[in-house]
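Let me begin by presenting the structure, written as structure tokens, before commenting on it.
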Amino acid sequence: MIREYTASSVRRRKSRIRWTIHLFPIPALIIYGLFVLYPIIAALSYSFFEWKGMARGDFIGFQNFVTLFTTEPYGSMFWNAFKHNVLYFVVQMIVMNGLAFFLAFIIYQKIKGAEFFKAAFFLPRLLSVIVVGFLWKLILNPNFGTLNVILEKLGLETLQKAWLGDPKTALIAIILVNCWFGLGFGVLIFLAGFQGIPSELVEAAKLDGAKGFTLLRTIYLPLMVPSIMIMGILAFIQSFEAFELVYAMQGSMGEPYYSTDTLAVFFYRLAFGSSTASGTTAIGLGSALATVLFLFILVCTTLFLRFANKRDVQM
């Protein structure tokens, strides 16, 4: 009798512990629901209504989406911003990820001061994006900026420019600043990938005579594909969500002449009003743009992950 009672109490105690453990994720789920899921669902619902300032009007279906793509100036501004996001992604993949891969490979060779270089490359990541934007805006100032001063000292006055005032260089300058900011994170991801490669494979390849570029092409690159794909996905998401740095360096209008405009900055102007135009908001159009951007990133990322998983299976 005592044994049955003890066994029953143990079962009840285990059941209470199990249910208690299930309660721990609830605060995180509530926060996630309030600050992630609710804004997404709200933006989707807002895009189907007419808005008069901050007051919601009648249900208009997909009219906001039609207006966004077919009515000027929204249509041309959308594709202009989309083109800039694509350029953002391409330059990040080539410059930031390419340089991060190269630097990680050098550090992986156990050069002297490797730990110092890892810390030095990652250091900019510890700064706020707003601080980074403000500092680089000072560096790129055409009158007293450090970059133009250095060019002058080197006798390269012909290369001096109003880097953020020229439509031809403004966007590239911002993208390169972002590459500098995110370089350290890429170095750490790639370095972790290199360190995960079995040393036996590398030694066996070296015994077979592989070295230099052949070793990199036949051993390192195939085994680094997961890390490369991770950085590709992160670069894609970050490129199409680019806002803080552009806003910090060029404001909400994507100056000069919308040459640095991105979809996130365009959304900000639509949803919260322009500082130079009429000052009116277009919450419905902004919500439609946010929905399109969210779905585009979601679909592309899902396809990319499926492709990456398929490649892993084949390998």
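- Taking the side chain as every heavy atom from C-beta outward, M249 and L140 approach each other to under 4.5 Å.
- Side-chain contact between F48 and N64 is absent, with no heavy-atom pair separated by less than 4.5 Å.
- Not a single donor-acceptor pair under 3.5 Å links the side chain of S239 to the backbone N or O of N85.
- Contact record, F190 with M224: O-CE, 3.3 Å, taken as the closest heavy-atom pair.
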List, one per line, each side-chain donor-acceptor pair under 3.5 Å for residues 176-187, sequence neighbours excluded.
from	atom 1	to	atom 2	distance (Å)
N178	OD1	Q238	NE2	3.3
N178	ND2	Q92	OE1	2.2
N178	ND2	Q238	OE1	3.2

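- One distance of note links OG of S45 with OH of Y38; it measures 7.5 Å at 0.5 Å rounding.
- Residues satisfying the side-chain contact (heavy atoms from CB on, under 4.5 Å) test with F117, not counting sequence neighbours, are I107, I111, F121.
- With sequence neighbours left out, the side-chain hydrogen bond (donor to acceptor under 3.5 Å, both in side chains) criterion links E72 to S76.
- Tracing side-chain contacts under 4.5 Å through hydrophobic residues (I, L, V, M, F, W, Y), one reaches I283 starting from F59; they form part of the same cluster.
- Atom CG of L87 sits about 4.0 Å away from atom CD1 of I175, to the nearest 0.5 Å.
- Counting all heavy atoms, side chain and backbone alike, A170 lies closest to S259 at CB-OG, 4.2 Å.
- Taking all atoms of both residues into account, the shortest heavy-atom contact from G33 to P39 is O-CD, 4.4 Å.
- Atom CG of N80 is separated from atom OG1 of T262 by 10.5 Å, given to the nearest 0.5 angstrom.
- Distance alone, capped at 3.5 Å, is enough to place a donor-acceptor pair between the H84 side chain and the D261 backbone.
- For F134, the side-chain contact (heavy atoms from CB on, under 4.5 Å) partners are L138, not counting sequence neighbours.
- A continuous path of Ile, Leu, Val, Met, Phe, Trp and Tyr side chains, each step under 4.5 Å between heavy atoms, connects L188 with F116, placing both in one hydrophobic cluster.
- The aromatic rings of Y268 and F243 are tilted relative to each other, their planes meeting at an angle between 30° and 60°.
- In terms of heavy atoms, L263 sits closest to A81 at N-CB, 3.6 Å.
- To the nearest 0.5 angstrom, T67 atom OG1 is 6.5 Å from I60 atom CD1.
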Could you list the donor-acceptor pairs under 3.5 angstrom formed between side-chain atoms of residues 289-304 and any protein atom two or more places apart in sequence or on another chain?
from	atom 1	to	atom 2	distance (Å)
T291	OG1	S287	O	2.8
T301	OG1	I297	O	2.6
T302	OG1	L298	O	2.7

- Message: Does F240 form a ring-ring contact (aromatic ring centres under 6.0 Å, His included) with F236? I'd like the steps, not just the answer.
- Response: CA-CA 6 Å; F240 278 86; F236 174 79; 4.9 Å; yes
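- Going from atom CD1 of I219 over to atom CG of L201 covers 6.0 Å, rounded to the nearest 0.5 Å.
- In this structure the side chain of F266 reaches within 4.5 angstrom of the side chain of R269, judged on heavy atoms.
- For an aromatic pair to be called close, the ring centres must be under 6.0 Å apart, and F78 with F69 satisfies this.
- Across P124 and V132, no two heavy atoms sit closer than the pair O-CG2, 4.4 Å.
- Using a 4.5 Å cut-off between side-chain heavy atoms of Ile, Leu, Val, Met, Phe, Trp and Tyr, with links allowed through other members, Y108 and I228 fall into the same hydrophobic cluster.
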N/O donor-acceptor pairs under 3.5 Å from side chains in residues 159-166, not counting sequence neighbours:
from	atom 1	to	atom 2	distance (Å)
Q160	NE2	N148	O	2.6
W163	NE1	N148	OD1	3.0
W163	NE1	K161	O	3.4
D166	OD1	K168	N	3.0

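- The closest side-chain heavy-atom distance from V149 to T146 is not below 4.5 Å.
- Rounded to the nearest 0.5 angstrom, M96 CE and M231 CE are separated by 4.5 Å.
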- Message: ring-ring contact (aromatic ring centres under 6.0 Å, His included) for F194 and F101? Distances and angles first, verdict last.
- Response: CA-CA 10 Å; F194 279 120; F101 185 91; 5.2 Å; yes
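- The cluster map of Ile, Leu, Val, Met, Phe, Trp and Tyr, joined by side-chain heavy atoms under 4.5 Å apart, puts L103 and L221 in the same cluster.
- In the hydrophobic clustering of ILVMFWY residues, with side-chain heavy atoms under 4.5 Å counting as a link, I94 and Y88 come out together.
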